[in-house]
Amino acid sequence: MKVVVTGFEPFGEHAENPSRLIVRRLGAEGVAGFDLVTAELPTVFAAAGAEIRRLLDAHRPDLLLSIGVASNRSVISVERIGLNLDDTALPDNAGFATEARPIVTSGPLALAATLPVLAMRAAIGRLGLPVEVSNHAGTYVCNHVLYAALHHAAAKGHATRIGFLHVPQVIDPTAKSNLGLDDLVAAARAALQAAAGAGA
Ligand code: PCA
């Protein structure tokens with residue numbers, strides 16, 4: 001099974017982004033049974049959207065799981081919905097901020113993740129880690145990547161199943177969680193295995 005997993009570079013007040021550390025660990029250690037491709041996305045609306053579309057076209061994976069940090073959350077969240085909306089006062093890493101801008105002109109307002117969010121939540125919960133399903137991935141670069149990937153895969157007829165995991169900040173002073181990086185790596189592995197099992 002071919003799988004692409006992505007994380008993000010640091011942005012805003014964060015000196016480091018745990019999502020890219022998770023992805024580096026998965027890349028170095030591998031995930032049993034998966035032909036895994038890992039990538040770090042820029043925290044830049046346009047460039048991250050272009051890169052996720054390129055990754056889908058280049059690898060045509062069975063699964064795409066993108067991971068980002070949500071530093072205002074203390075639990076791991078499996079995102080259910082991508083919104084067709086960029087809306088941020090915090091500039092991205094290219095200095096770009098925007099209000100109420102559609103990601104895809106005339107695209108549907110929302111697209112549902114195509115990975116099995118309930119099975120992923122259950123698998124992470126079985127590890128004893130705090131996890132929820134979230135109905136809102138925000139309106140910053142993470143949501144942009146989820147929506148752009150879902151829209152692109154549908155438009156191109158790719159069978160790739162797509163989802164998004166938001167993780168708490170665990171490695172800098174803004175951390176609101178006492179989880180560690182090892183917990184997040186374990187959660188990502190469990191989510192991938194659940195995703196593969198539930199749809200394969
Ligand atoms: N989190 C941001 C963008 C990059 C990341 O890791 C977000 O939640 O949109």
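In listed order, ligands and their atoms are each counted from 1. Values below: every heavy atom of this structure, side chains too, minus hydrogens, waters and symmetry copies.
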Quiz item: Which residues pass the side-chain hydrogen bond (donor to acceptor under 3.5 Å, both in side chains) test with Asn135, sequence neighbours left out?
Solution: Arg80

Quiz item: Relative to the ring of Tyr140, is the ring of Phe11 parallel (under 30°), tilted (30 to 60°) or perpendicular (over 60°)?
Solution: tilted

Quiz item: Which of parallel (below 30°), tilted (30 to 60°) and perpendicular (above 60°) describes Phe164 and Phe8?
Solution: tilted

Side chains of [X] and [Y] in contact at under 4.5 Å (non-hydrogen atoms):
{"X": "Val185", "Y": "Leu26", "answer": "yes"}
{"X": "Val23", "Y": "Arg25", "answer": "no"}
{"X": "Thr6", "Y": "Leu64", "answer": "yes"}

Quiz item: In order of chain and number, which residues sit within 4.0 Å of ligand 1 by heavy atom?
Solution: Phe8, Phe11, Asn17, Thr43, Gly68, Val69, Tyr140, Val141, Cys142, His166

